[in-house]
Amino acid sequence: MATQSDLPVAVGRQPKSRFLTVGSFLLPLLLWAGVSYVPGLWQPLIKVSSPGGVAFYQEGMLVEKDQFEMQVRSARERGEAVPIGSPANPVYLPAPHEVAKALYTSFTTPPVRRSEMWFHQSIWHSITIIFWGFLYSCLLGVPLGILCGAYKPVSQLAEPFIEFARYFPAPAFGALAVAILGIHDAPKVAIIFIGTFFQMVLVVANTTRRLDPRYVEAALTLGANRLRLLWQVVVPGILPDLYKDLRILLGWAWTYLIVAELIGTSSGITWFITQQARYKNFDMVFAALIILGLIGLLSDLLLERMGRRLFPWQGGRLGDS
């Protein structure tokens with residue numbers, strides 16, 4: 001039960017925490033808006049609105065300020081119409097309103113070719129790649145990690161090689177994965193698996209070793225054999241921390257998505273990003289990146305809520321990450 005002195009602290013923390021959470025998103029957005037809209041804050045280029053007497057200028061063209069000023073002086077000396085322009089940012093940094101517009105049009109604009117996917121279909125395809133790669137990694141990595149943490153002989157047999165193999169960059173296996181598994185989704189799933197499996201085994205093993213030894217001693221005193229000790233003491237005892245570990249490792253899986261989808265046939269949201277970047281539609285690129293961030297953030301928040309329901313006695317700890 002909270003004492004009278006604890007209540008002001010508990011009540012005061014929640015609004016402050018929410019304010020800081022909003023601020024963590026608001027500050028980058030304000031900085032982005034500042035360099036996009038505040039005159040003279042950055043804007044290193046000039047966007048040509050009228051080419052004047054400069055033959056190689058075109059409307060909407062971005063040029064360096066020094067070069068633009070030189071052409072203005074040159075046109076005046078020749079007695080021709082001077083070019084007109086306004087300060088602008090490079091093409092790789094679109095303004096927030098341009099990205100917002102691209103975010104809307106990406107969902108409403110049909111693909112150019114019939115064989116291509118809609119944007120939402122590309123997103124769903126990428127989610128399935130993450131799901132299967134991470135699922136296979138969990139099915140093998142979690143049991144092996146628990147065994148390594150619970151039994152020293154298993155640790156001595158498996159962990160030295162895993163420590164060695166975890167330094168292999170997952171994309172280096174791309175050509176081999178295509179040669180073995182084909183050019184479609186299987187090698188992409190394999191890259192997600194390779195990128196998370198070795199780390200998962202070590203993380204889960206370390207979490208298993210941190211189990212309070214008093215639980216193990218009590219079970220052994222009551223006559224538990226090794227199998228019952230593992231299933232009735234070790235596994236239940238590490239579940240909350242294991243759940244938190246898997247949330248973090250899922251984030252690692254997302255970092256391998258772009259590389260994985262470049263292997264074999266282009267697909268998913270990576271195909272969308274590379275296509276838009278090729279034609280310098282960076283507003284679309286930013287829109288796709290924002291969607292990826294939102295999917296990752298919302299899925300993590302959902303998993304956190306589920307964790308609080310599954311392990312209510314660990315609610316504070318599960319939210320620490």
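All values reported here derive from a predicted model rather than from experimental measurement.
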Is it true that a side-chain atom of K188 and a backbone atom of I263 form a donor plus acceptor pair closer than 3.5 Å?
yes

- Does the Q121 side chain pair with the main chain of W118, one donor and one acceptor, at a distance under 3.5 Å? yes

Next on the checklist: Quick one: does any side-chain atom of T109 pair with a main-chain N or O of S106 as donor and acceptor, under 3.5 Å?
Outcome noted: no

Would you check if R210 and I238 make a side-chain contact, meaning some heavy-atom pair closer than 4.5 Å?
no

On a heavy-atom basis, the closest approach of P90 and L45 is CA-CD1, 3.6 Å

What one should report as the nearest heavy-atom pair of A75 and P83 is CB-CD, 4.2 Å

Heavy-atom closest pair (V204 atom, G145 atom, distance to 0.1 Å) is CG1-C, 3.8 Å

Any idea how F197 and F193 line up, ring-wise: parallel (<30°), tilted (30 to 60°), or perpendicular (>60°)?
parallel

Q) Does any non-hydrogen side-chain atom of L250 lie less than 4.5 Å from one of L246? A) no

| said: I'd like to know whether CZ of R78 has more than 12 heavy-atom contacts from other residues, nucleotides or ligands below 6.0 angstrom. | reply: yes

> So Y243 and F311, would you call those rings parallel, tilted or perpendicular, with 30° and 60° as cut-offs?
Replying inline: perpendicular

Residue pair F282, Y92: steps toward the ring pair (Phe, Tyr, Trp, His ring centres under 6.0 Å) verdict = CA-CA 6 Å; F282 290 102; Y92 59 77; 7.1 Å; no

query = With a cut-off of 6.0 Å (strictly less than), are more than 12 heavy atoms of other residues, nucleotides or ligands near OH of Y215?
reply = no

Quick one: do the D245 and T207 side chains pair a donor with an acceptor below 3.5 Å? yes

Query raised in the report: Would a distance-only check, ignoring hydrogens and angles, find a side-chain to backbone donor-acceptor pair under 3.5 Å from W124 to G268?
Result: no

Mutual orientation of the aromatic rings belonging to F173 and F168 [parallel < 30°, tilted 30-60°, perpendicular > 60°]: tilted

Presence of salt bridge, D300 and R247, under 4.0 angstrom: yes

_Less than 4.5 Å apart, side chain to side chain, heavy atoms only: is that true for H125 and I129?_
yes

Practice problem: Assess whether atom NE2 of H184 is packed by more than 12 heavy atoms of other residues, nucleotides or ligands within 6.0 Å. | Solution: no

Quick note, side chain to side chain donor-acceptor pair (under 3.5 Å) partners involving residues 129-155, not counting sequence neighbours, are S137-T196, S155-E159, S155-R209

May I have the list of side-chain donor-acceptor pairs in residues 56-68 shorter than 3.5 Å, sequence neighbours left out?
| residue | atom | partner | partner atom | Å |
| --- | --- | --- | --- | --- |
| Y57 | OH | Q67 | OE1 | 2.5 |
| K65 | NZ | Q43 | O | 3.0 |

Residues G195 and Y256: closest non-hydrogen pair is O-CE1, 3.4 Å

Sidechain-backbone polar pair: S74 side chain, M70 backbone, donor-acceptor under 3.5 Å | no

